[in-house]
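Atoms within each ligand, like the ligands themselves, are counted from 1 in listed order. From a predicted model like this one, the values you see are computed outputs, not experimental measurements. Side chains are part of it too, since the values below use all heavy atoms of this structure and drop only hydrogens, waters and symmetry mates.
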Amino acid sequence: MDFGIKNRLSKIFSPKTGRTVMLAVDHGYFQGPTTGLRDMKNIVPLVPQADCLFVTRGILRTSIDPATGTSICLRVSGGPSILGELSNEDITTSMEEALRLNASGVGMSIFVGAKNEDRTISNLGRLINEAQRYGMPVLAITAVGKEMARDGRYLGLACRMAAEIGANIVKTYYCEDFHKVVEGCPVPIVIAGGKKLPEMDALQMTEDAIRAGARGVDMGRNIFQSDSPAGMMKAVRAIVHKGATAREAFDIYQAGRKKASAAEAVDENENKNMEKV
Ligand code: 5RP
């Protein structure tokens, strides 16, 4: 692997722990203004806590401070909306744009077992061929879509295919026997969070994934749809980078939640006092 790819990967995976907490906020590219991402201002305070932000170029340009110290992994595929055939994706953002935006990686979805499986795999191959020329790591995302059976056999197949085509990182979902998915995939795996779960369950899933060999998370809804997104960020970081248990991380989340409620109460009081003036 050449210097450029290694250097960019070191902006995604902490050189200290070898792991990453990526914050995924790309959902709007096919879901529109998803709960928690309607106003991207809500995301801004979370960005410094992430090792890497997984985002589209549109949101990067409009909503993210260019002086951020957090690295960027750019979502470069798209096409169908949630109303259409999700596997009908193509590459929507050029490598030149990714370089101009100073991305540390680019990411796209593959749809193994879906209608356009072969096209998404050849798109991945083409993206990697181009990325390789510029020292740009590629993240392949597997198993998006309700109809996908998210079990070890399917995820093992999809992750291995992504790695064989040449992806540098694979993002997938957690499942039973996840260690088998990790064992069969020669490149780092990060997990997506999936749909919003109770906070303790999301943290338990994170702990289980890390114990099974995941190198981190690329998590969205379980962070930004939480009643304390900042608390969840801290809690997930504690598991990924410090080896905290889900129980310990849950206490961190709750402390963040209490802090946020106290700050809200102060704001409310100040507003009431202002009304009297
Ligand atoms: C959707 C994606 C999202 O980035 C991914 O699903 C992670 O978000 P979440 O944790 O909400 O599942 O790639 O195609």
Side-chain angles (χ1 to χ4, degrees), residues 12 20-38 40 42-43 46-47 49-60 64 72-93 103 105-112 114 116 120 123-124 127 138-148 150 155 158-159 162 167 169-175 189-199 201-206 208-210 214-226 229 232-233 235-237 239-240:
I12 298 176
T20 186
V21 174
M22 298 174 70
L23 177 64
V25 294
D26 60 317
H27 305 58
Y29 92 96
F30 74 110
Q31 293 185 347
T34 316
T35 308
L37 296 183
R38 184 165 287 277
M40 292 305 287
N42 297 331
I43 299 305
L46 305 178
V47 175
Q49 283 198 65
D51 297 300
C52 181
L53 189 66
F54 189 58
V55 67
T56 59
R57 67 171 154 188
I59 293 302
L60 192 61
I64 306 299
I72 301 300
C73 187
L74 204 61
R75 152 74 69 178
V76 296
S77 65
S81 76
I82 188 110
L83 307 173
E85 169 54 50
L86 287 185
S87 70
N88 202 14
E89 279 197 359
D90 266 311
I91 306 297
T92 51
T93 306
V106 292
M108 63 164 284
S109 297
I110 55 169
F111 292 85
V112 174
N116 298 297
T120 63
N123 282 342
L124 176 64
L127 182 69
V138 175
L139 166 80
I141 300 149
T142 73
V144 175
K146 281 201 274 288
E147 66 281 6
M148 301 300 174
R150 291 178 184 166
L155 296 179
C159 291
I169 314 168
V170 177
K171 165 161 96 172
T172 195
Y173 293 88
Y174 181 71
C175 65
I189 294 188
V190 295
I191 61 153
K195 68 175 189 327
K196 173 77 176 71
L197 301 168
E199 277 73 6
D201 294 356
L203 295 171
Q204 190 61 59
M205 176 174 72
T206 306
D208 293 346
I210 295 296
R215 289 273 298 276
V217 300
D218 185 12
M219 195 175 268
R221 288 162 289 178
N222 278 291
I223 291 173
F224 62 69
Q225 291 178 354
S226 168
M232 271 305 269
M233 276 300 284
V236 170
R237 283 195 76 81
I239 296 172
V240 171

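Taking only nitrogen or oxygen atoms, main chain and side chain alike, F54 does not reach within less than 3.5 Å of ligand 1. Polar contact check, S109 against ligand 1: no nitrogen or oxygen pair lies under 3.5 Å apart. At under 3.5 Å, a nitrogen or oxygen of G193, whether backbone or side chain, sits near a nitrogen or oxygen of ligand 1.
Looking at N222 against ligand 1, nothing comes within 4.0 Å, counting heavy atoms. By the criterion of a heavy-atom distance under 4.0 Å, the side chain of Y173, and not its backbone, is placed next to ligand 1.
With hydrogens and angles disregarded, no donor-acceptor distance shorter than 3.5 Å links the side chain of T120 to the backbone of I110. Judged by distance alone, the side chain of T172 and the main-chain N or O of I191 form no donor-acceptor pair under 3.5 Å. Side-chain atoms of Q225 come within 3.5 Å of backbone N or O of T35 as a donor-acceptor pair. A donor-acceptor pair under 3.5 Å links the side-chain atoms of N222 to the main chain of L197, judged by distance alone. Judged by distance alone, the side chain of T20 and the main-chain N or O of I12 form a donor-acceptor pair under 3.5 Å. At least one donor-acceptor pair closer than 3.5 Å links the side chain of T34 to the backbone N or O of G32.
Shown in contact with F30 at under 4.0 Å from a heavy atom are these atoms of ligand 1, numbered in order with element: 1 (C), 14 (O). Distances below 4.0 Å separate heavy atoms of A24 from the following atoms of ligand 1: 4 (O), 7 (C), 8 (O). Counting atoms of ligand 1 from 1 in the listed order, those under 4.0 Å from a heavy atom of A192 are 7 (C), 10 (O), 12 (O). The distance from ligand 1 to the heavy atoms of G194 drops below 4.0 Å at these ligand atoms: 9 (P), 10 (O), 11 (O), 12 (O).
The closest heavy-atom contact to atom 5 (C) of ligand 1, among the options Q225, K171, E89, M219, comes from K171. Residue R75 holds the heavy atom nearest to atom 1 (C) of ligand 1 of all those in K196, R75, R221, H27.
S109 and R75 form a side-chain donor-acceptor contact under 3.5 Å, judged by distance and modelled atom types alone.
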Requested in this report: Would you sort out whether N123 and S77 count as a side chain to side chain contact (heavy atoms under 4.5 Å, CB included), showing the intermediate values?
Outcome: CA-CA 9 Å; N123 282 342; S77 65; over 6 Å; no
